[in-house]
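Bear in mind that the values here come from a model prediction, so they are computed numbers and not experimental data. Just so we're on the same page: letters track the sequence lines, and every chain starts at 1.
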Amino acid sequence: MNLNDLNPEQRKAAETLEGPVLILAGAGSGKTRALTYRVANLIDHGVKPWHILALTFTNKAAREMKQRITQLVGPQAEEAWISTFHSSCCRILRRDIEKLGYSRSFTIYDTDDQDRLLKNIMKELGVSEKTLTTREARAIISDAKNKALGPDEWFHQSSRRQADQRLHDVYVAYEERLRELNALDFDDLLLRTLELLLQHPPVLQSYRERFQYVLVDEYQDTNYTQYQLVRLLTDQSRNLCVVGDDDQSIYSWRGADIRNILDFEKDYPETAVIRLEQNYRSTANILDAANQVIANNMERKDKRLWTETDPGEPITVYGARNERDEAAWVTWQARSLLDAGEKPGEIAVLYRSNAQSRVLEEALRERNMPYIIYGGLRFYDRKEVKDVLAYLRVLANPADDISLMRIINVPKRAIGESTVQALADHARAGGMPLFSALTDQPAGLGKRAASAVSQFVMLLLKLMAEKDSMPLKSFVTHLIEETGLKEQYRDKDTEENQSRIDNMSELEGAVSEYAEEHPGATLEEYVENIALVTDLDSQDNSQGAISLMTLHSAKGLEFNNVFITGMDEGIFPSNRSVEENREEEERRLCYVGITRARKRLFLIHAAERFLYNSPQSYGPSCFLQELPERVIRRMGERIGGPARKSSFSRSADSYGDSFGYGSSVRTAPRQKTGQPVSRLSGAAGLETIPGVTRGFVPSKAAGISPAPALPQLKAGDRVSHPTFGPGVVKRITGEGAGMKAVILFDRWGEKLMKPSVTPLTRLEEDI
DNA sequence: GAATAAATTGTTTTT
DNA sequence: CAATTTATTC
C-alpha cells in the first residue's frame, strides 16, 4: 500500500492496525482520507474484507467511504460491511430477530408512524394531549431507548412523579403495540440488536468472529446504545478504531453522548491516540477564528488546528440593519463573488434555524440567482409519497394497522373518524388486526359507511392479488391509478397539487429503477429496503446553485465561501439552548460553521429582526466577540463604536423601508428572561445595550423608495420577464415597494416576485 | 362527514 | 406572520 500521500499523523492512523485507536480528527484534517487508507491497508495486510465493519451515521458518508475504498482496493471492498449503524443493525436483525419473538419481515416505523401510534395509545389510555403531547412522549421514549433504558428502567431513574408514571404506561403500551404490529422504530434497530447480542451468546460470538476490525466514524455523535453495541462487538478483538472530533459534537439533543469520545481512553487504556491537527481546508485567518472561538469551551480535549497556508482574506463581519438588509447584503456579496469567477456551488449560506431561510430565498429569487435549499421536507417524508408507501406497506403486511389507518380515507372515500373508531374497537375486541375488521365488519355501521368500507377492502384485495401477478416496475403506477391517489389533486390546479402529483411520479420512477436494479424483487422486498433510504440519492447540485442550509446540515461539507447569517444573541446561540445550558454545544456549532469555509467567511448580524410579526433587537452574538480582532474586517453597523450609516446603503434602501411598524405594535413581544429586548417595549428608540450602540431609525415613508417598475399592476395583466418570459399576474399583495405579485409564467410555472425590484414589462392584452 | 372558523405556536433532525 | 391543529358549523 502506498501511503506516501499521507502526512505523518495520517500515516500513523493508516498504519496502526491492531488494538484500540482513537483518531482525533480536527475539521478539514483529511480524516476520510486517513480512514480509507487504513481500511485499504488492512486489506493489504491480509485482513479479509468481510472481517471489517465500518459504521457511519449517514447513508451519504457510508457511500462515500465505500466508493473511496473501492478506488484503492477494487471490488473486494464490496465484501466489507460499510454502512450506517441503522442499516447494519437492520441486516443483523433480518437474520436473527426471530430469537426475540419478532418476525423477520418486520416493518420499520419512522417518526411519523411513531406519532400516529402514540396518538392511538394515548387516546386509549385516556392521556390528554394537554398533559403530554405525542411529540413529547416520542422524544422521551426515544431518549430512553438511546440510553438503552426500557420502560421500567426509565421510570426508575426518573423523578417518579405522576407524570412519569403516565409516561411509563405509555411507553409500556407503545412497546407492546410495536410488537403486535411487528414493527420497530429507528431506535429499536439499535436497541434490539443490542438485546439480541446480549441475550444470545452464540449470535454475539459469531459477529465477534466476523467483525475482527471495527471502525466508527463521527464517534462523538454516538449514543449510549451505540456505544454498548460497539463495545460488545470489540471486547475480545480490541481492534476498534474510532474517529471523531469532540469539538464537532452538535447532536447531544438527539442522544449523542460526548463522554463516549472524551472517555475513550479510560475504556480502552491501551489506546493509541492519534491527532490530526493539520488543516488542509481553510485559510489561516479562518482557522484562527475557529480556534479562538472553540477555545472558550471548557469541556474539550485540548488541541489546536494549524495550517501551512496563507492568512488569506480577512473575515468579514457585517452589521445589517435588519434581516432584509442582511439578505440583500448576502445576495449582493454573493453576486460579486460570482462575478469574480466563483461557482455558485462554492457559496453556502448557513443559518441556525430553517425559518431564517425565507428572507434569503426571496432575496435570491428576486435577483434570479440560482439557489438550492437543503433540509426542510425530504422526499420520503412528503405526505403524498408516504401515502403511496403506506399502501405498499399494507399490501405487504396487512397487519400494519398504522399504515392502514393512514390510508383508510386517503383519497377521501367517506370513511370518517367515527367509522374508523368503530372498526378499531371491533378489531380490538376480537383481538384481530384492523384489516380483519374491514371484512368482518362491526354491527351498527351506517349503510353508507358499511358500503364505503366494503368498497375499500375490495380495492385492497384486488391489489393484493395483482401485486404478485404484475411486475413491480409497473405495479406502483397501476396502484396509484386504481386508488385515485393522483386524481385527488387534480381538481384544483395549484402549484402545490402539481408538485404532489410530480412527487408521486418521481416515486414511480424510483420504484421502477429499483425493480431494474433488483430483477425479480418483490413488493415485500422493496418495502423492506426502502425504510432506511432517506434521500433520493441526495439533492443534486450539479447545476451549480448557492446552497442554503442549517448549520447542522452543513456538517461534513466545505465551500470556498461561507456566509453565516443570524449571528445574533438569542438566535445563535439560540435562547433555548442558553436557557438549557447548552451554550457549549452552540459554540461547537459555530465552530462547525466557521470551519466549513475554505477561502472566505462572512458573518452577519442584524440590529433588528422581525420575529412573529414584531420587531426585536438582539445584540450581536457572543461568538462574534470571541473572534480575534486582527482577522476581521467590519462592515455596516459598528459594534461597540459610534453608529454610522450602513456602508451598504444602495441596495439596502430599497428593502429597508417596507416595515409595517405602526400596524404591528399590537402584539406585545413575549418577555421571558433572556428574550431579546423589543424596540417597542420600555425604552423605545435607540436604547443601549452594554457595549453596543445601534443607530438608525428606519424610515417609515414608503415614498422614498424608487417607484415600482410597474405601479398599477393588477391581477390578469400579461407581463414579460427577461429570464422567465411571458406570464400572467395571478395575485397582488401589498403595495408600493412591498408589493408582491404571483405570476404564472407560461413556461416556468408560478413565481412570487416584487415588481419594485424585478424588471417586468407589460405586454399587450391577448384577446 | 366535511368544510370552515378559531386558536395555537413557533431550534437543530444523520436513521 | 404563517403554518398547523382544534373546535364549530352545515
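One interatomic measurement links the two molecules: CD of A:E583 to C1' of B:dT11, which rounds to 15 Å at whole-angstrom precision. B:dT11 atom P lies 9 Å from atom CG of A:L611, rounded to whole Å. The CD-C1' distance, from A:E585 to B:dT11, rounds to 12 Å in whole Å. Between A:R588 atom CZ and B:dT11 atom P there is a gap of 21 Å when expressed in whole angstrom units. For the pair A:I92 CD1 and B:dT15 C1', the computed distance is 15 Å after rounding to whole Å. Per the geometry, CZ belonging to A:R135 stands 12 Å off C1' belonging to C:dT5, to the nearest Å. Rounded to a whole Å, the CZ atom of A:R576 is 7 Å from the P atom of B:dG10. Here the C1' atom of nucleotide B:dG10 and the CD atom of A:E136 are 14 Å apart, to the nearest Å.
The residues A:K386 and A:D381 are annotated as not salt-bridged, no charged nitrogen and carboxylate oxygen being separated by less than 4.0 angstrom. Look at A:K383 and A:D387 and you find a salt bridge, because one of the NZ, NE, NH1 or NH2 atoms lies within 4.0 Å of a carboxylate O, short of that distance.
Comparing B:dT12, B:dT13, B:dG1 by their closest approach to the side chain of A:R352 singles out B:dT12. With B:dT15, B:dT11, B:dG1 as the candidates, the nucleotide lying closest to the side chain of A:S577 is B:dT11. With C:dA2, B:dT15, B:dT13 as the choices, the nucleotide that has an atom nearest any side-chain atom of A:H552 turns out to be B:dT13.
The residue A:Y251 sits close to a base: some heavy atom pair falls under 4.0 Å. At a threshold of 4.0 angstrom between heavy atoms, the contacts of A:S574 include nucleobase atoms, whether or not backbone atoms are also involved. Note on A:N354: only backbone sugar-phosphate atoms sit closer than 4.0 angstrom, heavy atoms only; bases stay farther off. Among the atoms of the strands shown, only primed sugar atoms or phosphate atoms (P, OP1, OP2) are found under 4.0 Å from some heavy atom of A:S418. Nucleic acid contact for A:R582: base, since at least one base atom lies under 4.0 Å from a heavy atom of the residue. Residue contacts for A:T419: at a heavy-atom cut-off of 4.0 Å it reaches the sugar-phosphate backbone alone, with no base atom in range. Among the protein residues, A:N409 comes within range of the sugar-phosphate backbone only, with heavy atoms under 4.0 Å from sugar or phosphate atoms but none that close to a base.
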Practice problem: With salt bridge (charged side-chain N to carboxylate O under 4.0 Å, His left out) as the test, would you mind laying out the steps for A:R68 and A:E64 before giving the verdict? | Solution: CA-CA 6 Å; A:R68 287 177 68 168; A:E64 268 169 28; 5.9 Å; no
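Between A:A355 and A:A414, the residue anchored closer to the 5' end of DNA chain B is A:A414, taking for each the nucleotide with the nearest heavy atom. Comparing A:K412 and A:L589 by the nucleotide of DNA chain B whose heavy atom lies nearest to each, the residue mapping closer to the 5' end is A:K412.
Between the side chain of A:T419 and the main chain of A:I415, no donor-acceptor pair closer than 3.5 Å is present.
Between A:D185 and A:Y174 there is a side-chain heavy-atom pair separated by less than 4.5 Å.
Residue A:T550 places at least one side-chain N or O under 4.0 Å from the OP1 or OP2 atom of B:dT13.
A donor and an acceptor atom, one from each side chain of A:Q421 and A:D425, are located under 3.5 Å apart.
A gap of 23 Å separates the C1' atoms of B:dT12 and C:dT5, to the nearest Å.
Checked against the 6.0 Å centroid criterion, the rings of A:H552 and A:Y251 qualify as a close aromatic pair.
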What are the atom names and distances for every N/O pair under 3.5 Å that joins the protein to nucleotides 6-10 of chain C?
none

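Taking all atoms of both residues into account, the shortest heavy-atom contact from A:S353 to A:T550 is C-CG2, 4.4 Å.
Where stacking is scored as ring centres under 5.5 Å apart with planes under 30°, A:W253 registers as stacked on the base of B:dT12.
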